[in-house]
Chemist: 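For reference, the structure I am asking about is given below.
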Number of protein chains: 2
Amino acid sequence: MPPQTGNRPGRTIRSVKIAFNIIEVLKDQNDVGVTELANELGHSKSTIHSHLRTLEEIEILVREGDGYRLSLQILDMANHVRDHAGNYEVVQNEVESLVEETGEIAHFGIEEYGQVAYLCKATGEQAVETASRVGTRQPMYSTSLGKAILAYLPDSHQEAIVDTMEFVSKTPKTISSREELYAELDRIAEQGYALDDEENIEGLRCVAAPVRNGPKVLGAISISGPSSRFTDERLHGELSDSVLRAANVIELNTKFS
Amino acid sequence: MPPQTGNRPGRTIRSVKIAFNIIEVLKDQNDVGVTELANELGHSKSTIHSHLRTLEEIEILVREGDGYRLSLQILDMANHVRDHAGNYEVVQNEVESLVEETGEIAHFGIEEYGQVAYLCKATGEQAVETASRVGTRQPMYSTSLGKAILAYLPDSHQEAIVDTMEFVSKTPKTISSREELYAELDRIAEQGYALDDEENIEGLRCVAAPVRNGPKVLGAISISGPSSRFTDERLHGELSDSVLRAANVIELNTKFS
DNA sequence: TAAACCTGTTCCCGAGAGGGGAACCGATGA
DNA sequence: TCATCGGTTCCCCTCTCGGGAACAGGTTTA
């Protein structure tokens, strides 16, 4: 099975998409009713109605007030996802210990659909609050996590991902071309860790180290903080040391999988 | 909109159910392929195939190794669910502070589909490990959380739930009839908190207090521990005091919603 | 080396699923 | 009392989508 990034067409099922559109809407707004959903999604009331019935029967949705909300079954699903996505206990532990060491923000992310998805996060006392949430995704070229992962992916997979990239500049420093990215990836492969120098969010710098298991890249772990505290010296010194150590701990504890 | 407990028929959509069956299977086992799913669910390979395509396109599933797994998008959904399900921050806080006080296990649960669903959980140092997981459900009649909630639900809603109950004895002490339950609910309504005296798990006792907002019951909060440490005296003394206090804190912080 | 066998994938067909429109009903409120 | 707005039901007609079968690629077996 080849690594899949671009969207292959093939047959696709309409009603399932409708169902997930409903879920998507319900994710953000509670207490939405049939009529409102019908308008928002451009379907007839009867269609939405039978979908809601179905989702209610599967116990994914719950009626509440005058509308629906997602049921706690989602939380159970989330637990399973975490359990299956590598060695969650260890990862969470290391992310937290990074925070204890530094007082900043730490993340662990994996590649999904050509982007980095955050698997866990911890924030320290003095941490700058970023909008990152567990489960959300960011471009790989503008984050230290993404670049760290990308740099160690097998060539074919790396290329497949880069090919689908559209370089959107989130700050003046964001990498904006394939060539620039490849050059950066070479540098990362050499030094063993990746930086993000205000490339994703103005004023925010990060260091990330890849977590590997043999030839496979499982993900990456990072620390982020304000440029004022994240000087070049610290980035290339204690901070990179910290993430490398954390990555190593995870690797050692994952040898079995 | 009346409180819904029994399953009303109405039109229901087949393909959506199939899709969620797939997800259900994938929740427990990773690396399942088309053929295996087809056999397990009793559908043709082509059917499963197009479903997988669809779920992959919506980015709910990810190919990994030679099979599929659920994507981290589920984690994002879970975050939203928590955010919407009442004042999660405060609840989690109180659950944790109960654990700090007692060193045992604390839960917060809400009613869903006539059962109690755990919204959060914290375990202390000396806690007995129970199988309870966030997002999973338990019968209301055999748990302190369930009984606490039930006792304070409006009569119509209470009755609707009780009507659908099938009393399964999980231990010799489990409540096993409607009459017994109603008697117990009266007692609870009087004393303000609910007990579970080895009714759900042998050797485990729990105290729970309802969390209310005006006339509405938002859920309940509980402490659980081994019968050896949870004497009658402590249950009706410090432990019930603790859960009542915790419930009260949550109530005060939820006045706005 | 070929044959048997296992995947995942594609193609096509026909039944019935499901999307939509319109009528209906119950609650709210003017 | 009537108008309005929500959810629900009913029915029809189309086109979706489930299934069977053939195909393709990789791996094991003889």
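In the text below, chain A, chain B and the rest are named by the order of the sequence lines, each starting its count at 1. Since the structure is predicted, the reported quantities are computational estimates derived from the model, not experimental observations.
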Chemist: Can you name the side chain to side chain donor-acceptor pair (under 3.5 Å) partners of B/R82, sequence neighbours left out?
Modeler: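 Partners of B/R82 under the side chain to side chain donor-acceptor pair (under 3.5 Å) test: B/N79.
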Chemist: For the residue pair B/V217 and B/V211, establish whether any side-chain heavy-atom pair is separated by less than 4.5 Å.
Modeler: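 Of all side-chain heavy-atom pairs linking B/V211 with B/V217, none is under 4.5 Å.
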Chemist: Nearest whole angstrom, please: distance from the P of D/dG18 to the CG of B/L52.
Modeler: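 Rounded to the whole Å, the gap is 12 Å.
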Chemist: Is a side-chain donor or acceptor of A/T136 paired with a backbone partner of A/S132 at a separation under 3.5 angstrom?
Modeler: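 Here the side-chain-to-backbone pair does not exist.
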Chemist: What's touching nucleotides 3-5 of chain D from the protein side, N or O pairs under 3.5 Å?
Modeler:
none

Chemist: Apply ring pair (Phe, Tyr, Trp, His ring centres under 6.0 Å) to B/Y88 and list each qualifying residue two or more places apart in sequence or on a separate chain.
Modeler: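 Checked B/Y88 against ring pair (Phe, Tyr, Trp, His ring centres under 6.0 Å); zero matches.
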Chemist: So B/L119 and A/L72, do their side chains get closer than 4.5 Å, heavy atoms only?
Modeler: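 A/L72 reaches B/L119 side chain to side chain.
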Chemist: Using the ring centroid of each side chain, check whether B/Y118 and B/F108 are separated by less than 6.0 Å.
Modeler: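 Ring centres of B/F108 and B/Y118 not closer than 6.0 Å.
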Chemist: Go through the structure and list residues passing side-chain contact (heavy atoms from CB on, under 4.5 Å) with A/A38, not counting sequence neighbours.
Modeler: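 A/A38 satisfies side-chain contact (heavy atoms from CB on, under 4.5 Å) with A/K45, A/I48 only.
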Chemist: Looking at the base of D/dG7, is there any donor atom on it, or on the side chain of A/R63, that sits under 3.5 Å from an acceptor on the other one?
Modeler: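 Checked by distance alone, the answer is no.
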Chemist: Taking only residues two or more places apart in sequence or in another chain, which ones pass side chain to side chain donor-acceptor pair (under 3.5 Å) with B/S71?
Modeler: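 Result, side chain to side chain donor-acceptor pair (under 3.5 Å) vs B/S71: none returned.
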Chemist: Residues of residues 25-35 of chain B with any non-hydrogen atom less than 4.0 angstrom from an atom of DNA chain D: list those, numerically ordered, please.
Modeler: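 The stretch gives none, as no residue of it lies under 4.0 Å from the strand.
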Chemist: Rounded to whole angstroms, how far apart are CZ on B/R14 and P on D/dG18?
Modeler: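 Going from CZ in B/R14 over to P in D/dG18 covers 6 Å.
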Chemist: For the helix from C/dT1-D/dA30 to C/dA30-D/dT1, measure the angle between the helix axis at one end and the axis at the other, each built from five pairs, rounding to 10°.
Modeler: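 For the helix from C/dT1-D/dA30 to C/dA30-D/dT1, the axes at either end differ by 30°.
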Chemist: With heavy-atom distances below 4.5 Å as the criterion, would you say the side chains of B/R69 and B/Q29 are in contact?
Modeler: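 No, side chains not in contact.
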Chemist: Taking only residues two or more places apart in sequence, or in another chain, which ones meet A/H51 in a ring pair (Phe, Tyr, Trp, His ring centres under 6.0 Å)?
Modeler: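 Not a single residue meets the ring pair (Phe, Tyr, Trp, His ring centres under 6.0 Å) criterion with A/H51.
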Chemist: Kindly state each residue pair satisfying ring pair (Phe, Tyr, Trp, His ring centres under 6.0 Å) with at least one member in residues 20-39 of chain B, sequence neighbours excluded.
Modeler: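 Qualifying pairs, neighbours excluded: A/F20-B/F20.
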Chemist: Which whole-number value in Å describes the distance from A/D66 CG to D/dG7 C1'?
Modeler: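 Rounded to the whole Å, the gap is 11 Å.
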Chemist: Taking the side chain as everything from C-beta on, heavy atoms only, tell me whether B/V91 gets closer than 4.5 Å to B/C120.
Modeler: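 B/V91 reaches B/C120 side chain to side chain.
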Chemist: Expressed as a whole number of angstroms, how long is the span from B/R11:CZ to C/dG18:C1'?
Modeler: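 Between C1' of C/dG18 and CZ of B/R11: 5 Å.
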Chemist: Send over the distance from A/I22 CD1 to D/dG7 P, rounded to a whole Å.
Modeler: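 It is 12 Å, rounded to the nearest whole Å.
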Chemist: Ring pair (Phe, Tyr, Trp, His ring centres under 6.0 Å): which pairs involve residues 24-46 of chain A, sequence neighbours left out?
Modeler: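 Qualifying pairs, neighbours excluded: none.
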Chemist: Using a cut-off of strictly less than 4.0 Å between a heavy atom of the residue and any atom of DNA chain C, enumerate the qualifying residues of residues 41-50 of chain B by number.
Modeler: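 When residues 41-50 of chain B is checked for heavy atoms under 4.0 Å from DNA chain C, the hits, listed by number, are B/K45, B/S46, B/H49.
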Chemist: Any side-chain N or O of A/R53 below 4.0 angstrom from OP1/OP2 of C/dG18?
Modeler: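 A/R53 to C/dG18 OP1/OP2: no side-chain N or O under 4.0 Å.
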Chemist: Calculate the interatomic distance between B/N21 atom CG and D/dC17 atom P; express it in whole Å.
Modeler: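 Rounding to the nearest Å, CG of B/N21 and P of D/dC17 are 16 Å apart.
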Chemist: What integer distance in Å separates A/Y68:OH from D/dG6:P?
Modeler: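 A/Y68 atom OH is separated from D/dG6 atom P by 15 Å.
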Chemist: May I have all residue pairs that pass salt bridge (charged side-chain N to carboxylate O under 4.0 Å, His left out) and include part of residues 146-165 of chain A, sequence neighbours excluded?
Modeler: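 For residues 146-165 of chain A, and leaving out neighbouring residues, the salt bridge (charged side-chain N to carboxylate O under 4.0 Å, His left out) pairs sorted by first residue read A/K147-A/E184, A/K147-A/E199, A/D163-A/R178.
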Chemist: Measure NE2/B/H51 against C1'/C/dA17 and give the value in whole Å, please.
Modeler: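 Going from NE2 in B/H51 over to C1' in C/dA17 covers 12 Å.
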